[in-house]
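Accompanying notes for the structure given below.
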Amino acid sequence: MRVGIIGRGGMADALGTQWRRAGHEVVTGSRSGGLREAVEFGTDAVLLAVPYEAVVEVVGGLGDVLRGKVLIDCTNPVGPGFGLLTSGGPSAAERIALAAPSAHVVKAFNLCHVDVWRLTPPVFDGRPLAVPLCGDDEGALTVVRRLVRDLGCEPLNAGGLDRAGLVEATAALLIRLWVGEGADAQAIAPPRAYSGV
């Protein structure tokens, strides 16, 4: 696949490197150069990997070249004190969709630190990492599922884009527990056998 990446930070580098390793063609661009070219290149998918505070401005200026594109949002709207900057809604993913209404936005890859995406593959205790996806377009979700699997991970259906706020809030909670409290956040979820299902 041809993947364009908006941004040249840690997430862009980690995911881009892994997708190249899996055989995909990847081009990156940033606000300092090559941004439009990267988006145009991403005929199969475009990863949005810039700080949350910049996403609406960046995406809003690319509406024409984002038309019909699969736009993957891995941003986290987490601010001081690990608070959710989008509390009260809409979610970051929904704001991105409003700024680029002709793109097919999928929320993914936002729950893990960049170092996790550098693992080949990210498997813990023999269990591949699961990646929740939120989106409304089945074709776009199919593309992102493949990109998830190409990292050695397992995609999970987390619902439509209206559920993205829940995934973003989960990220804020996990970051607070890991970073703010030094806690083992993974321990908050019991094994599935005890989930009541």
- A140 versus V106, closest heavy-atom pair with distance: CB-CG2, 3.9 Å
- May I ask you to decide if F41's main-chain N or O and R2's side chain share a donor-acceptor pair within less than 3.5 Å? yes
- Task: Output, in order, the C-alpha distance, side-chain angles, deciding distance and verdict of salt bridge (charged side-chain N to carboxylate O under 4.0 Å, His left out) for E138 and R145.
- Result: CA-CA 10 Å; E138 186 54 39; R145 285 186 198 108; 2.8 Å; yes
- Message: Using the rule given for side chain to side chain contact (heavy atoms under 4.5 Å, CB included), can you reason through L62 versus I6, listing the C-alpha separation, both sets of side-chain angles and the distance that settles it, and then say yes or no?
- Response: CA-CA 11 Å; L62 295 167; I6 300 173; 4.0 Å; yes
- Message: Quick check: do T120 and R21 have side-chain heavy atoms less than 4.5 Å from each other?
- Response: yes
- Message: Could you report the tightest heavy-atom contact between A158 and C134, atom names first, then the distance?
- Response: CB-SG, 3.7 Å
- On a heavy-atom basis, the closest approach of G160 and D136 is CA-OD1, 3.3 Å
- Hey, does T75 have a side-chain heavy atom less than 4.5 Å from the side chain of P51? no
- Quick one: closest heavy-atom pair of L133 and P155, and the distance? CD1-CB, 4.0 Å
- Task: Look up atom CZ in F82 and atom CG in L177, then write down how far apart they are to the nearest 0.5 Å.
- Result: 9.5 Å
- Message: Run V123 and L129 through side chain to side chain contact (heavy atoms under 4.5 Å, CB included) and show every step you take.
- Response: CA-CA 6 Å; V123 173; L129 181 71; over 6 Å; no
- Same cluster or not: are L166 and V131 linked, directly or through other Ile, Leu, Val, Met, Phe, Trp or Tyr residues, by side-chain heavy atoms under 4.5 angstrom apart? no
- Message: Any non-hydrogen side-chain atom of L47 less than 4.5 Å from a side-chain atom of M11?
- Response: no
- Can you check whether L119's main-chain N or O pairs, donor with acceptor, with Q18's side chain at less than 3.5 Å? yes
- Query: Is it the case that more than 12 heavy atoms not belonging to E57 sit under 6.0 Å from its CD atom?
  - Reply: no
- Residues pairing under ring pair (Phe, Tyr, Trp, His ring centres under 6.0 Å) where one sits in residues 114-141, two or more places apart or in two chains, turn out to be F109-W117
- Query: Okay, side chain of D125, backbone of R127: is any donor-acceptor separation there less than 3.5 Å?
  - Reply: no
- Message: When you compare the side chain of V58 with that of R31, does any pair of heavy atoms fall below 4.5 Å?
- Response: yes
- Answer yes or no: is there a side-chain heavy-atom contact under 4.5 Å between V46 and V3? no
- Query: For the hydrophobic clusters of this structure (ILVMFWY residues joined by side-chain heavy atoms under 4.5 Å, transitively), does one cluster hold both L15 and I72?
  - Reply: yes
Report, one line per pair, each donor and acceptor closer than 3.5 Å where one atom sits in a side chain of residues 88-98; sequence neighbours left out.
from	atom 1	to	atom 2	distance (Å)
S91	OG	E94	N	3.1
S91	OG	E94	OE1	3.2
E94	OE1	S91	N	3.0
R95	NE	P90	O	2.7
R95	NH2	G89	O	3.3
R95	NH2	P90	O	3.0

- Task: Please check if L151 and V143 belong to a single hydrophobic cluster, counting links between Ile, Leu, Val, Met, Phe, Trp and Tyr side chain heavy atoms closer than 4.5 Å.
- Result: yes
- Query: Partners of R149 by salt bridge (Lys or Arg N to Asp or Glu O under 4.0 Å), sequence neighbours excluded?
  - Reply: none
- Walk me through it: do K69 and D44 pass the test salt bridge (charged side-chain N to carboxylate O under 4.0 Å, His left out)? CA-CA 7 Å; K69 302 264 186 176; D44 293 293; over 6 Å; no
- Validation row: L48, V59 side chains within 4.5 angstrom (heavy atoms): yes
- Message: Determine whether V50 and V55 satisfy the following criterion, side chain to side chain contact (heavy atoms under 4.5 Å, CB included), listing intermediate values before the conclusion.
- Response: CA-CA 6 Å; V50 297; V55 293; 3.7 Å; yes
- Task: Quick one: closest heavy-atom pair of T28 and A38, and the distance?
- Result: C-CB, 3.7 Å
- Message: Taking V78's backbone N and O only, do any of them form a donor-acceptor pair with N76's side chain (distance below 3.5 Å, no angle check)?
- Response: no
- Task: Go through the steps for E25 and M1 under the test side chain to side chain contact (heavy atoms under 4.5 Å, CB included), then give the verdict.
- Result: CA-CA 6 Å; E25 298 177 80; M1 289 198 286; over 6 Å; no
- Task: May I ask whether L71 and L35 are part of the same hydrophobic cluster, defined by side-chain heavy atoms of I, L, V, M, F, W, Y residues being less than 4.5 angstrom apart, directly or through others?
- Result: yes
- Give a yes or no on whether R20 atom CZ has more than 12 heavy-atom contacts from other residues, nucleotides or ligands under 6.0 Å away. yes
- Query: Would I5 end up clustered with V114 when hydrophobic side chains under 4.5 Å apart are linked, directly or stepwise?
  - Reply: yes
- Message: Between K107 and R163 (side chain of the first, backbone of the second, donor and acceptor by atom type, cut-off under 3.5 Å), is there such a pair?
- Response: no
- Query: Going by heavy atoms in the side chains, are P132 and L111 under 4.5 Å from each other?
  - Reply: yes
- Message: Would you say that P122 contacts C153 through its side chain, given a criterion of any heavy-atom pair below 4.5 Å between the two side chains?
- Response: yes
- Note on the structure: Taking every heavy atom of E168 against every heavy atom of P77, the minimum-distance pair comes out as OE1-CG, 3.7 Å
- Check ion pair R118-D13 (N to O, under 4.0 angstrom): yes
- Message: Given 3.5 Å as the limit, does a donor-acceptor pair link the side chain of H24 with the main chain of W19, or not?
- Response: no
- Task: Mark yes when over 12 heavy atoms from residues, nucleotides or ligands other than R36 sit less than 6.0 Å from its CZ; otherwise mark no.
- Result: yes
